[in-house]
Protein chains: 2
Amino acid sequence: MAITSKKNQYALRAIFELAKHSGKGPTKISEIARTQAIPARFLEVILGQLKGSGLVESKRGFYGGYYLIRSPDEITVGDIFRFMESPSNGAECLACVSKANCPFDGNCAFSSMWRQVKDAIYQIYDATTIQDLLNHEKQRITARTGVQNLSGEATRI
Amino acid sequence: MAITSKKNQYALRAIFELAKHSGKGPTKISEIARTQAIPARFLEVILGQLKGSGLVESKRGFYGGYYLIRSPDEITVGDIFRFMESPSNGAECLACVSKANCPFDGNCAFSSMWRQVKDAIYQIYDATTIQDLLNHEKQRITARTGVQNLSGEATRI
DNA sequence: CCTTTCTCGACTATTTTGGTCGGGAAACTT
DNA sequence: AAGTTTCCCGACCAAAATAGTCGAGAAAGG
């Protein structure tokens with residue numbers, strides 16, 4: 001029903017937030033939780049898991065927190081979601097893509113369609129880097145400024 | 001996590017089964033349940049709902065059952081899933097596609113990606129007719145026959 | 001009127017999701 | 001060394017969604 005779970009979205013937003021601070025030292029769970037509107041205690045769990053992905057690392061103590069170990073343009077949304085949905089972390093996707101989930105051993109009239117769908121989804125995820133998302137954010141803000149001008153506010157040159 | 005729910009898959013398979021018998025009068029729930037490996041009592045519920053979609057109709061009594069009211073090449077997978085996921089039947093899809101599900105009012109760095117994904121999925125669903133699936137089934141059987149030949153069985157000419 | 005099949009609403013069970021909690025362990029400060 | 005501050009870990013819990021069941025009734029036809 002849902003494109004993805006809240007947990008996956010939290011994972012993505014957390015990494016997105018880390019990317020904003022990329023190269024500036026660790027970011028605390030509490031800060032990520034605040035700016036991305038994620039329950040802090042739950043985020044702990046998620047980031048803990050994400051350490052297994054090789055995308056993030058952490059440090060304890062006063063100046064501790066989480067940080068990325070690749071640059072934002074070398075991390076794709078697909079990297080994140082593939083890890084979050086890997087068999088060790090959760091169940092394989094439903095539908096006859098895999099033999100196990102098909103009453104006809106994955107050899108049914110629908111399996112080709114399910115595969116197409118899964119491929120189409122991951123084609124987008126794999127083509128979207130965290131840097132792309134940062135750029136979207138930037139554009140979004142610029143666009144909003146433009147709108148505000150039209151609505152009558154003056155801009156200092 | 002899952003591409004779609006079991007219920008949606010059951011709905012699709014049920015209509016697929018009806019399509020096989022298209023034009024040959026009604027098919028009983030019990031038969032669909034058997035050939036498509038769906039719990040009969042649950043299928044009752046699903047087909048009951050599907051009547052609201054304008055795709056199927058039913059008849060009671062000994063010669064009763066369900067039947068399609070459009071031809072299989074005029075029904076797409078999209079028609080079925082869009083109906084099954086319509087607000088009256090279930091919740092709107094998660095992720096920032098709609099304002100309601102986004103902590104930042106649908107105006108976030110991710111919304112564009114979520115929309116792309118949703119569109120990509122439905123592009124496939126809408127392009128796949130039930131007739132297409134019937135054709136896949138046919139090809140699948142032919143292919144299997146071919147394989148059986150290769151494995152040593154003789155074919156009568 | 002008898003059988004068969006759909007019909008309807010309520011009801012239940014199971015799984016997944018979305019979280020919480022308490023206490024411990026590293027890191028840095030003073 | 002003591003004290004903060006942060007991550008770390010495993011268990012635990014609650015709510016929602018999903019998957020499925022049940023009993024009684026109502027049309028259709030023989």
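Any value given below was found using the heavy atoms of this structure, including those in side chains, with hydrogens, waters and symmetry copies removed. Naming: A, B, ... by sequence-line order, numbering from 1 per chain.
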What N/O pairs connect the protein and nucleotides 23-26 of chain C at under 3.5 Å? Give each pair on its own line.
unit_1	atom_1	unit_2	atom_2	d
C:dA25	N3	A:R60	NH1	3.1

How long is the line joining [atom1] of [X] and [atom2] of [N], in whole Å?
| X | N | atom1 | atom2 | result |
| --- | --- | --- | --- | --- |
| B:E31 | C:dT4 | CD | C1' | 15 Å |
| B:R34 | C:dT5 | CZ | P | 11 Å |
| B:L50 | C:dT7 | CG | C1' | 15 Å |
| A:L47 | C:dG19 | CG | P | 14 Å |
| A:K7 | C:dT15 | NZ | P | 18 Å |
| B:Q49 | C:dC6 | CD | P | 17 Å |
| A:K6 | D:dA17 | NZ | P | 10 Å |

- Residue B:F42, side-chain atoms from C-beta onward, closest of C:dT7, C:dT20, D:dT21: D:dT21
Within the distance-only criterion (no hydrogens, no angle test), does the side chain of [X] pair as donor or acceptor with the backbone N or O of [Y] below 3.5 angstrom?
| X | Y | answer |
| --- | --- | --- |
| B:R70 | B:I75 | no |
| A:D126 | A:Q123 | no |
| B:D119 | B:Q116 | no |

- Message: Classify A:Y63 by what it touches in the nucleic acid, base, sugar-phosphate, or nothing, heavy-atom distance under 4.0 Å.
- Response: sugar-phosphate
- Touch class at under 4.0 angstrom, heavy-atom based, for A:I29 against every strand present: sugar-phosphate
- Among B:I69, B:L68, B:I80, the one residue meeting side chain to side chain contact (heavy atoms under 4.5 Å, CB included) with B:V56: B:L68
- Message: For B:E31, is there an ion pair with B:K28 - N to carboxylate O distance below 4.0 angstrom?
- Response: no
- Task: Classify the ring geometry between A:F81 and B:W114 as parallel (under 30°), tilted (30 to 60°) or perpendicular (over 60°).
- Result: parallel
